Amino acid sequence: MATLLYRTGGESHGSALIALVEGMPHGCPIDAAFIDRELQRRQGGYGRGGRQQIETDRVQYLTGIRMGKAVGSPITLLIPNKDNRLNDAVATPPLYHPRPGHADLAGAMKWLTTDCRETLERASARETAARVAAGALARCLLKQFDIEVFGFVRAVGQATANIEVTPHNWRELLAKRDASEVYCPDGGGADAAMKDFIDRQRTNRDTAGGICECHVFGCPIGLGSCTTWDGRLDSRIAAAVIAIQAFKGVEFGLGFATATLPGSQVHDEIAFDPATRNTPSLGFTRRTNNAGGLEGGMTNGQPLVIKAAMKPISTLGKPLQSLDLRTKQASEAGWERSDISAISAASVVMENVIAFEVARAMIEKFAGDSLTEMHQNYTAYLTAARNL
Ligand code: EPS
């Protein structure tokens, strides 16, 4: 089956990060400036640490692209690390005191060592630069089908944005998000409250997590599958989102709140509007979108709505109780340069890993070796559905 896949490689302080993307159709225009902008957004946000002052993440394209277009072969994206010191034993010393919440302890045992260094190098959220690059590349395909993805920070600590996102106002909200240091489009004070929470954690030498939210507009009905558990688009999106470093929960639409309500208040009643018959939703409308655009593992023509919780960063300036893995004697957890909060960056990562899964579902449904063939399959499908 034609599909879209990617792998990443690289350590936080190694020479580079790479992403290898397989399955981009021939002829798809690649917007390198857009991909670099997403990388810059990932580097930004309120509460970031010193690393982002060192790096200027930009993609170098090693394979798979000619004259700004995919040639159909695997695409290799490389992001050099300026803070490249992995082979310098002094500059990347061993870490024997695992940080609670980080991969340190489990990774050290897994690799049969008392040094957490190699675990932390790969587990680090620095790797998300490669995921953003792969996802933003996939978005170049989505743009060809007018599918847009919008992510932002919904909450930090107790500070929550009081906004409703619709297909009509999201571009306006996107401009507000881009003007916000926290990447929160709520001009009504939530942005300031979020910054205040992060500032307080900095003062306390503590860290902050939050909630990211992502909307996808323009998906045709029927992406994903109800026939296999791993073909369900919600299962793929959930897996992609929960795989982001420090993410602990994901929900679609009303999510966990659906469990507390009767069915009559949860399910989105179906109606028809002939005026929107020529759109990817085929004219099927809903007054509500509690399902978050997915029913039976398939897109239902409504925007996808996904929320996810990020725990606070696990490197604390005031370290928690841990031990020395060599002696098993109690000791404070290790400290590495880190962030107070990476929630804004995480919203960019979430946007792009979701985009990758939607692009994969598009390729699986409208398979074609070239963009031209994919467009023909897409149009033929919507025409056939309209003729029912
Ligand atoms: C990050 C790079 C890392 C950390 C952070 C995110 O760089 P360094 O370890 O050199 O400071 O700032 O990583 C973590 C929070 C983590 O837990 O590993 C990045 O580029 O996003």
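The analysis underlying the following values was restricted to heavy atoms, covering all of them including side chains, and did not include hydrogens, waters or symmetry mates. Note that the structure is predicted; figures quoted are calculated from it, not measured. We count ligands from 1, going down the list as the structure has it; atoms in each ligand are counted the same way.
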Participant: Nearest non-hydrogen atom to atom 12 (O) of ligand 1 belongs to which of Val349, Leu17, Ile340, Asp339?
Facilitator: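 When every heavy atom of Val349, Leu17, Ile340, Asp339 is considered, Asp339 comes closest to atom 12 (O) of ligand 1.
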Participant: Looking only at non-hydrogen atoms, which of Gln52, Arg337, Arg99 approaches atom 8 (P) of ligand 1 most closely?
Facilitator: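 The option holding the nearest heavy atom is Arg337.
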Participant: Do Ile79 and Ile18 make a side-chain contact, defined as non-hydrogen atoms from C-beta onward lying under 4.5 Å apart?
Facilitator: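 Side-chain contact under 4.5 Å: no.
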Participant: Kindly confirm or rule out an N or O of Asp83 lying under 3.5 angstrom from an N or O of ligand 1.
Facilitator: no
Participant: Does ligand 1 have an atom that lies less than 4.0 angstrom from a heavy atom of Ser338?
Facilitator: yes
Participant: Consider ligand 1: state whether an atom of it lies below 4.0 angstrom from any non-hydrogen atom of Ala125.
Facilitator: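 Yes, Ala125 has heavy atoms under 4.0 Å from ligand 1.
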Participant: Inspect the contact between Arg85 and Asp88 and indicate whether a charged nitrogen and a carboxylate oxygen are less than 4.0 angstrom apart.
Facilitator: no
Participant: Go through it in stages, so that I can follow the logic: the residues are Tyr183 and Phe152, the test is ring pair (Phe, Tyr, Trp, His ring centres under 6.0 Å), and I'd like the CA-CA distance, side-chain angles, deciding distance and then a yes or no.
Facilitator: CA-CA 6 Å; Tyr183 300 180; Phe152 63 94; over 10 Å; no
Participant: Kindly identify the option in Arg42, Arg126, Arg51 whose heavy atom sits closest to atom 21 (O) of ligand 1.
Facilitator: Arg42
Participant: Considering the heavy atoms of His102, write down every atom of ligand 1 situated less than 4.0 Å from one of them.
Facilitator: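 Matching atoms, with element in brackets: 16 (C), 17 (O), 18 (O).
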Participant: List every atom of ligand 1 that sits less than 4.0 Å from any heavy atom of Ile313, numbering the atoms from 1 in the order shown and giving each element.
Facilitator: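 Once the distances to Ile313 are compared, the set is 15 (C).
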Participant: Regarding Arg126 and Asp57, does a basic nitrogen lie under 4.0 Å from an acidic carboxylate oxygen?
Facilitator: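 Salt bridge flag = yes for Asp57 with Arg126.
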Participant: Could you check whether Arg117 pairs with Glu336 (Lys NZ or Arg NE/NH1/NH2 to Asp/Glu carboxylate O, under 4.0 Å)?
Facilitator: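 Answer for the salt bridge query: yes.
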Participant: Flag the pair Lys195 and Glu181 as a salt bridge only when some basic side-chain nitrogen lies within less than 4.0 angstrom of an acidic carboxylate oxygen.
Facilitator: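 Judged by the 4.0 Å cut-off on N to carboxylate O distance, Lys195 and Glu181 do form a salt bridge.
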Participant: Starting from the C-alpha separation in whole Å, work towards a yes-or-no answer on side-chain contact (heavy atoms from CB on, under 4.5 Å) for Phe247 and Val241.
Facilitator: CA-CA 7 Å; Phe247 274 51; Val241 169; 3.8 Å; yes
Participant: For atom 13 (O) of ligand 1, which protein heavy atom lies nearest, and how many Å away is it?
Facilitator: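 I find the closest protein heavy atom is Ser124 OG, 3.6 Å.
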Participant: Thinking salt bridges, do Asp83 and Arg337 make one under a 4.0 Å N-O criterion?
Facilitator: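 Salt bridge: yes.
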Participant: Checking contacts here: is it the side chain or the backbone of Glu336 that comes within 4.0 Å of ligand 1, counting heavy atoms only? Could be both or neither.
Facilitator: neither
Participant: I'd like to check which ligand 1 atoms, numbered from 1 as shown, lie under 4.0 Å from a non-hydrogen atom of His13.
Facilitator: 8 (P), 9 (O), 10 (O)
